[in-house]
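First the structure, in the form of structure tokens, and then the observations on it.
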Amino acid sequence: MRVIILDSAQEIGTYGANVILDGALKGTIRTLGVATGSSPLAIYRALEERWIPALAQLKAFALDEYVGLPANNPQSYRSVIQREVTDSLRLDPANVHVPDGCAADLTAESDRFETAMAAAGGVDLQLLGIGRNGHIGFNEPGSSLSSRTRPKTLMAATRRDNARFFTDLDTVPRHCLTQGLGTILDAAEVLLVAQGAAKADAVAAALEGPVSSMCPASVLQLHRRATVVLDGDAARHLALREYYVDTEKNRIEGVGE
Ligand code: F6R
């Protein structure tokens, strides 16, 4: 895993945008896996500011969606992705895929989403945030490390954390559809970003703890092209922090970690 520690959310945004702009120009990134929540917003903003026509060619697949929120609800991830990604990066809406959390058969909808991802040739770069409980996507602790897209029940802690986007806790959905951990591992490359001290324990467990379903993000230790970009607060509990900084300072260009 490559671990990069930067000074601010803005620098994280610039880093992520550079990776995507470079990949879109070279044609190595044609399909992007897109996260919602606060963590990737600085990347989307930086991409909007430095928009190039190659971005409009990208396909996108969402990480997850709430169950039961109509698509036109402003907090549905379909709406969030339309605002933050489709509109601002000028993607063709026909190329942006979000699982339908109102489908009558949620398992069939999850399978359909997986089939659409495979038909697109898979995800070239998956963007991820991390929950305070170590979730990626909405794979809560206890998720199978080889899971595929499926319905899940949100933990009370996740619903509390996300209540800031809703009028009150009761209106936060209890269920979601989420790409599985196995689905995420299939992306050619993953880029996880985290900011703030509230994420420090989850980040340390994910990067330096055992690979365990108790910290779903720890499954990224099994990915061959995973990069984690943190601010100083999110990195504060990393035992190997100095080593990561030193590695980046003395990086051999073109050599992965
Ligand atoms: C979002 C997602 C979640 C968030 C995580 C962190 O699509 O799947 O895993 O990335 O809950 O959320 P923020 O970034 O709001 O702290």
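This one's a predicted model, so the numbers in the text were calculated from it and none came from an experiment. Ligands are counted one by one from 1 in listed order, and the atoms in each one are counted from 1 as well.
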Looking only at protein heavy atoms, which one is nearest to [atom], and how far off is it?
atom	answer
atom 5 (C) of ligand 1	His135 NE2, 3.4 Å
atom 14 (O) of ligand 1	Ser39 OG, 2.5 Å
atom 1 (C) of ligand 1	Thr36 OG1, 3.2 Å

Legend entry - Aromatic ring proximity, centroids under 6.0 angstrom, Phe166 and Tyr66: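 Ring centroids of Tyr66 and Phe166 are less than 6.0 Å from each other.
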Inset, instruction - Please answer whether the main-chain N or O of Pro141 pairs with a side-chain N or O of Ser213 as donor and acceptor at a distance below 3.5 Å. - result: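 Flag not set: sc Ser213 to bb Pro141 has no pair under 3.5 Å.
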Ignoring hydrogens and angles, state whether a donor on the side chain of [X] or [Y] is under 3.5 Å from an acceptor on the partner side chain.
X	Y	answer
Thr149	Gln179	no
Arg50	Asn18	yes
Glu84	Thr36	no

Legend entry - Any residue meeting ring-ring contact (aromatic ring centres under 6.0 Å, His included) with Tyr15, in chain and number order, not counting sequence neighbours: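 In terms of ring-ring contact (aromatic ring centres under 6.0 Å, His included), with neighbours along the sequence ignored, Tyr15 is linked to no residue.
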Legend entry - Sub-3.5 Å N/O-N/O distance, Tyr77 and ligand 1: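 No, since none of the N or O atoms of Tyr77 sits under 3.5 Å from an N or O of ligand 1.
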Inset, instruction - Mind checking whether Asn162 contacts ligand 1 via backbone (N, CA, C, O), side chain (CB onward), both or neither, at a 4.0 Å heavy-atom cut-off? - result: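 Looking at Asn162 and ligand 1, no heavy atom falls under 4.0 Å.
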Legend entry - Region of Arg164 engaging ligand 1 - heavy atom pairs below 4.0 Å: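 The part of Arg164 near ligand 1 is the side chain, not the backbone.
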Legend entry - For Ser38, atoms of ligand 1 separated by under 4.0 Å from a heavy atom: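 This gives 13 (P), 14 (O), 15 (O) as the contact atoms.
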Inset, instruction - Using non-hydrogen atoms of the residue, decide whether Lys199 is closer than 4.0 angstrom to ligand 1. - result: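 The answer is yes: ligand 1 sits under 4.0 Å from a heavy atom of Lys199.
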Legend entry - Connected via hydrophobic side-chain network under 4.5 Å: Val193 and Leu47: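 Cluster IDs for Val193 and Leu47 match.
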Nearest non-hydrogen contact with [atom] belongs to which option: [options]?
atom	options	answer
atom 10 (O) of ligand 1	Ala62, Gly129, Gly33	Gly129
atom 6 (C) of ligand 1	Leu127, Ile130, Leu63, Asp64	Ile130
atom 3 (C) of ligand 1	Gly196, Ala194, Gly137	Gly137

Inset, instruction - Just jot down the side-chain hydrogen bond (donor to acceptor under 3.5 Å, both in side chains) partners of Gln10, sequence neighbours excluded, or say none. - result: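 Partners of Gln10 by the side-chain hydrogen bond (donor to acceptor under 3.5 Å, both in side chains) criterion come out as none, since no residue qualifies.
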